[in-house]
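The structure follows.
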Amino acid sequence: MEISITLPDGSIRQYSKGVSSMDVALSISEGLARNVLAAKINGEVVEANRPILEDANLQLLTWNDTDGKKTFWHSSAHLLAEALEALYPGTKFGIGPPIENGFYYDIDLNGVPFGADDFEKVEQKMLELTRQKNSFNRIPKSKEEALAYFQEKGDEYKLELLEDLQDGSITFYQQGNFTDLCRGPHIPDTGFIKAAKILNVAGAYWRGDEKRKQMTRVYAITFPKDKELKDYLFLLEEAKKRDHRKLGKELELFAFSERVGQGLPLWLPKGAMLRDRLEQFLKKAQVKAGYSPVVTPHIGSKQLYVTSGHYEKYGKDSFQPIRTPDEDEEFLLKPMNCPHHCEIYKTKPRSYRDLPLRLAEFGTVYRYEQSGELHGLTRVRGFTQDDAHIFCRPDQVKEEFTKVIDLVLYVFRSLGFHDYTAQISLRDPENKTKYIGSDDIWEKSESAIIESAREKDLPTVTELGEAAFYGPKLDFMVKDALGRKWQLGTIQVDYNLPERFDLEFTGADNQKHRPVMIHRAPFGSMERFIAVLIENCAGDFPLWLSPEQLVILPISEKFAAYADEVKTHLETLDIRASVDHRDEKIGRKIRDAEVGKFPYMLIVGEKESETKTVSVRKHGQGDLGSLDLQEFTNMFSSAVAESMGS
RNA sequence: GCCGACAUAGCUCAGUGGUAGAGCACUUCCUUGGUAAGGAAGAGGUCGUGGGUUCAAGUCCCAUUGUUGGCUCCA
């Protein structure tokens, strides 16, 4: 009997019933067949040798398809497990999924130490097993058989996983001497794997629960070609060069001191300059957008946080209260600005005509983050939020939300962030009791967020159950040099605090109404934003932001006076310039300026000082030739404007 | 907080039980040089901190602080 197979290009081919994807690939070309890792039949990823029993849409998956890679790495996880079992008999296995780059396997080595020194041995074993070209065999099992197998093996983790599975849906996969509980699918055989690298080991709680046993998570990556592994490792090294912790030190932007304390960054002059430019930039945009700047203290009485509810929720895990000579008095370092802003709202009666009220503050807050969570500037214990709270009527939520999105997009555009995702965090529909506020108001605000995001055409992902307990939110996520995602801009709707602080406004109906509060921070925090900015631009800041926009390099000390004259002139035009007066040759000064990432270099010698010109060199681009000062400043100011994305 | 790794000069790093090293940076001198490293000399470290083992510890052991890869957390 014949069936029709529709390929992605729309072409339809006839095959006999029971044909496998691999057969189809072979019928197209042998070269293609050699690269087929798995297949997508009617949207479901399956083994390439799975018989196709009826008309179907077929996509052959190779290394170039995300699903092909995932299958390859999933199979590689089984290969890793096989190697580990061979080298460490008795190892128990948790789960071993593919991830964005590679895969991991959670293992329990029964206390046998496993570290970087052991990696090579495991890699060698993996490669040895690949040479056996063992096929991955799918073996359906009854639940009873499956339980018996892992009881015999003594693997309590797999037994626990089995408990959650339905009889009749259980499959084992076996390759070589290794058999694993697995839904599949897998690549045809281990021979496809040509290069393997164990990347690192880490502790990971079984089933992500910190109360349960900590397993050893082995991270690894494999490739179908040795060269691809080499390329990957090279890229990884390159990415590390953009690490904000490394560049922050090299460019003298910020530092940490053991004596000051963990997670408490010190901003050095150049970093502070940069940060100040960013603050001025946003303050200006916020004034235009109708925000009112406010200033509040760094501490607040404990009662403020009892009212807000934060004391109950976070009090124990925060910096502990500050005491005064009065025994009953306690103050907390502020972990957020919202309660203070609520009190500003309450300083006078508000009318519906006053809303929205947008209170903005660059507020420094302190949170006692778990020590293991601290990470450069992206996760610190003292940081400054570019915070604002918008108090508005319920019917204004959507419009305000949309305006905030516009502001965030303006910030991102001005700073060259093009690669971001907007994560919409909604409440868990299965567990509504975790959240406060009525269904009606949640539904309204969730749909307001979803609609605003859609209208603005944001690239979104939606996460159920990720909402804050007081309201849904939208976070702008940007990746760092190593691909880790960080939340930068955030917009959150809050029904809780207006309630707790008993905020009111008088409506057109002369009745009291509850305002809605929107928390928002386009940068998120100055610290994290600058960290991600450094990594995204690799330390080559947009010209408008660069702490040192240009350096003047006199050819010899004879031209020092002219260099200073140029500097003075540029400074009157608000150009941040310095002169390299060192007794070094010009080649050396240029090299140091290039390494120091100065956007522009002005070289001045005999010729320039006589003709009142400068020889312009741009970072990374080389010599641009000579210009007179006026021409240069014209060019420079248009370059500044261009760097702002205008 | 948990599992693992790491901590030596300002920076990057070498140093596997026998009196601390390199390159760069820094200081001084020579050199006044035209688009990515000129030359010479000098100074700089109680090897994160505290214990222990040893005739002897940067090196081995324990604790502690910090950093780091993950996990958990993230108002």
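Every heavy atom of this structure was used, including side-chain atoms; hydrogens, water molecules and symmetry mates were not. Lettering of chains follows the sequences in order, A, B, ..., and the numbering in each one begins at 1.
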Original post:
CD of A:Gln370 versus C1' of B:C74: gap in Å, rounded?
Top reply: 9 Å
**OP:** Look at all strands and tell whether A:Gly208 reaches a base, only sugar-phosphate, or nothing, counting heavy atoms closer than 4.0 Å.
**Re:** sugar-phosphate
Subject >> Paired nucleotide for B:U64 [Watson-Crick or G-U wobble; both distances under 3.5 Å] >> reply: B:G48
Subject >> A:Lys213 vs B:C3: side-chain N/O to OP1/OP2 distance below 4.0 Å >> reply: no
**OP:** Assign A:Gly587 to base, sugar-phosphate, or nothing according to its heavy-atom contacts below 4.0 angstrom with the strands shown.
**Re:**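 Touches sugar-phosphate only.
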Original post:
How far does the C1' atom of B:U16 sit from the matching atom of B:C47, given to the nearest Å?
Top reply: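 Those two atoms are separated by 15 Å.
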**OP:** Find the partner of B:G10: check Watson-Crick (N1-N3 plus N6-O4 or O6-N4) and G-U wobble (N1-O2, O6-N3) distances, both under 3.5 Å, and reply none if neither fits.
**Re:**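 B:G10 is paired with B:C24.
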Subject >> Whole-Å distance separating the CG atom of A:Asp583 from the C1' atom of B:G34 >> reply: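 In whole Å, B:G34 C1' lies 16 Å from A:Asp583 CG.
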Subject >> Presence of A:Gln487 side-chain N/O under 4.0 Å of B:C74 phosphate oxygens OP1/OP2 >> reply: no
**OP:** Just call it for A:Arg381: base, sugar-phosphate, or nothing, with non-hydrogen atoms closer than 4.0 Å on any strand.
**Re:**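 Result for A:Arg381 = nothing.
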Original post:
What nucleic acid atoms does A:Ala204 come within less than 4.0 Å of, heavy atoms only: base, sugar-phosphate, or nothing?
Top reply: sugar-phosphate
Subject >> Under 3.5 Å donor-acceptor, A:Trp73 side chain and A:Thr222 backbone >> reply: yes
**OP:** Quote, to the nearest angstrom, the P distance that separates B:U59 from B:G70.
**Re:** 29 Å
Subject >> Aromatic plane relationship, A:Phe632 with A:Tyr600 - under 30° parallel, 30 to 60° tilted, over 60° perpendicular >> reply: perpendicular
Original post:
When all nucleic acid strands are considered with a 4.0 Å heavy-atom cut-off, which category describes A:Glu608: base, sugar-phosphate, or nothing?
Top reply: base
Subject >> Rounded C1' spacing from B:G15 to B:A20 in Å >> reply: 9 Å
**OP:** Among A:Arg217, A:Lys213, A:Lys158, find the one that has a salt bridge (charged side-chain N to carboxylate O under 4.0 Å, His left out) with A:Asp108.
**Re:** A:Lys213
Original post:
Using 4.0 Å as the upper bound for N to carboxylate O, is an ion pair formed by A:Arg245 and A:Glu250?
Top reply: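 Judged by the 4.0 Å cut-off on N to carboxylate O distance, A:Glu250 and A:Arg245 do not form a salt bridge.
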Original post:
Picking from B:G66, B:G70, B:A36, which would you name as closest to the side chain of A:Glu258?
Top reply: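 In terms of side-chain proximity for A:Glu258, the closest of B:G66, B:G70, B:A36 is B:G66.
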Original post:
Expressed in whole Å, how much space separates the C1' atoms belonging to B:U46 and B:U8?
Top reply: 12 Å
Original post:
Relative to each other, are the rings of A:Tyr219 and A:Tyr104 parallel, tilted or perpendicular (30° and 60° limits)?
Top reply: tilted
**OP:** Mind checking A:Glu250 for me? I need base, sugar-phosphate or nothing, with any heavy atom below 4.0 Å counting as a touch.
**Re:**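 A:Glu250: no heavy atom of the nucleic acid under 4.0 Å.
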Original post:
For atom C1', what is the distance between B:U67 and B:U27, given to the nearest Å?
Top reply: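 It comes out at 32 Å once rounded to the nearest Å.
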Original post:
Within the stacking criterion (centroid distance below 5.5 Å, interplanar angle below 30°), does A:Tyr219 stack on B:G69?
Top reply: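 Answer is no, no stack.
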Subject >> B:C71 OP1/OP2 closer than 4.0 Å to side-chain N/O of A:Arg207 >> reply: no
Original post:
Is any side-chain nitrogen or oxygen of A:His375 closer than 4.0 Å to OP1 or OP2 of B:G69?
Top reply: yes
**OP:** From the options B:G70, B:A36, B:C11, select the nucleotide whose nearest atom is closest to the side chain of A:Lys249.
**Re:** B:C11
**OP:** Please state the P separation for the pair B:G18 and B:C60 - nearest whole angstrom.
**Re:** 12 Å
Original post:
Once you round it to whole Å, what is the distance between P of B:U32 and NZ of A:Lys558?
Top reply: 8 Å
Original post:
With a 4.0 Å cut-off on heavy atoms, is A:Phe256 in touch with a base, just the backbone sugar-phosphate, or nothing at all?
Top reply: nothing
Original post:
Do the side-chain N or O atoms of A:Arg245 get closer than 4.0 angstrom to the phosphate oxygens (OP1, OP2) of B:U68?
Top reply: yes
**OP:** Classify the side chain of A:Tyr368 versus the base of B:G1 as yes if they form a donor-acceptor pair under 3.5 Å and no if they do not.
**Re:** no
Original post:
Base, sugar-phosphate alone, or nothing: which one does A:Ile555 contact when heavy atoms must sit under 4.0 Å apart?
Top reply: base
Original post:
How would you label the contact of A:Gly376 with the nucleic acid (heavy atoms, under 4.0 Å): base, sugar-phosphate, or nothing?
Top reply: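 It contacts sugar-phosphate atoms only.
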**OP:** Using the six-membered ring wherever Trp is involved, compare the ring planes of A:Tyr420 and A:Phe476 and label them parallel, tilted or perpendicular (cut-offs 30° and 60°).
**Re:**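 Geometry flag for A:Phe476 against A:Tyr420: tilted rings.
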Original post:
According to the interplanar angle, ranging from 0 to 90°, do the rings of A:Phe529 and A:Phe523 count as parallel (below 30°), tilted (30 to 60°) or perpendicular (above 60°)?
Top reply: tilted
**OP:** Quickly work out the A:Met215 CE to B:G70 C1' distance and round it to whole Å.
**Re:**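 These atoms are roughly 15 Å apart.
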Original post:
Can you tell me how far P in B:A37 sits from the matching atom in B:G21, rounded to whole Å?
Top reply: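 Looking at atom P only, B:A37 and B:G21 are 31 Å apart.
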Original post:
Of A:Thr216 and A:Asp623, whose nearest nucleotide on RNA chain B comes first from the 5' end?
Top reply: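 Whichever sits nearer the 5' end wins; that is A:Thr216.
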**OP:** May I ask which nucleotide in the shown strands pairs with B:G17, Watson-Crick or G-U wobble, both distances under 3.5 Å?
**Re:**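 In the structure as shown, B:G17 has no Watson-Crick or wobble partner.
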Subject >> Polar pair under 3.5 Å, donor/acceptor by atom type, side chain A:Arg379, base B:C74 >> reply: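 For A:Arg379, whose side chain was compared with the base of B:C74, there is a donor-acceptor pair (under 3.5 Å).
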**OP:** For A:Pro554 and for A:Gln492, locate the closest nucleotide of RNA chain B by heavy-atom distance; then report the residue assigned to the nucleotide nearer the 5' terminus.
**Re:**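 Here A:Pro554 is the residue nearer the 5' end.
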Subject >> Base-pairing mate for B:A43 - Watson-Crick or G-U, with both contacts under 3.5 Å >> reply: none
**OP:** Please examine the side chains of A:Ile424 and A:Val461, heavy atoms only from C-beta on, and report whether any two atoms are closer than 4.5 Å.
**Re:** no
**OP:** Find the distance A:Lys211:NZ to B:G1:C1' and express it as a whole number of Å.
**Re:** 11 Å
Subject >> A:Asp494 side, atom CG; A:Arg500 side, atom CZ - distance, nearest 0.5 Å >> reply: 10.5 Å
Subject >> Gap in Å between the two P atoms, one belonging to B:A40 and one to B:G23, rounded >> reply: 11 Å
Original post:
So, does the side chain of A:Gln214 form a donor-acceptor pair with the base of B:G4 at under 3.5 Å?
Top reply: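 Per atom types, no contact qualifies.
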**OP:** Give A:Lys589 one of three labels, base, sugar-phosphate or nothing, depending on what nucleic acid heavy atoms sit under 4.0 Å from its own.
**Re:**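 A:Lys589: no heavy atom of the nucleic acid under 4.0 Å.
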**OP:** Could you check whether A:Phe469 gets within reach of a base, just the sugar-phosphate, or nothing at all, counting any heavy atom under 4.0 Å?
**Re:**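 Result for A:Phe469 = nothing.
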**OP:** Find the partner of B:C71: check Watson-Crick (N1-N3 plus N6-O4 or O6-N4) and G-U wobble (N1-O2, O6-N3) distances, both under 3.5 Å, and reply none if neither fits.
**Re:** B:G1
**OP:** Scan every strand shown for a Watson-Crick or G-U wobble partner of B:G34, both distances under 3.5 Å, and answer none if you come up empty.
**Re:**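 WC or wobble partner does not exist here.
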Original post:
Relative to the ring of A:Tyr88, is the ring of A:Phe114 parallel (under 30°), tilted (30 to 60°) or perpendicular (over 60°)?
Top reply: perpendicular
Original post:
Rounded to the nearest Å, what distance is computed from the CE atom of residue A:Met336 to the P atom of nucleotide B:C74?
Top reply: 13 Å
**OP:** Ignoring the backbone of A:Arg591, work out which of B:G1, B:C74, B:A37 is nearest its side chain.
**Re:** B:A37
**OP:** Give one of base, sugar-phosphate or nothing for A:Ser318, where a contact means two heavy atoms less than 4.0 Å apart.
**Re:**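 Answer is base: heavy atoms of A:Ser318 come under 4.0 Å of a base.
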Original post:
Between A:Phe501 (CZ) and B:A75 (C1'), how many Å, whole number?
Top reply: 13 Å
**OP:** Answer with base, sugar-phosphate or nothing: what part of the nucleic acid does A:Arg617 contact at a heavy-atom distance below 4.0 Å?
**Re:**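 A:Arg617: base contact, heavy atoms under 4.0 Å.
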Original post:
In whole angstrom, what separates A:Met601's CE from B:A37's P?
Top reply: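 Atom CE in A:Met601 sits about 13 Å away from atom P in B:A37.
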Original post:
Does A:Arg582 have a side-chain nitrogen or oxygen under 4.0 Å from the phosphate oxygens OP1 or OP2 of B:U27?
Top reply: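 False: A:Arg582 side-chain N/O out of range (4.0 Å or more) of B:U27 OP1/OP2.
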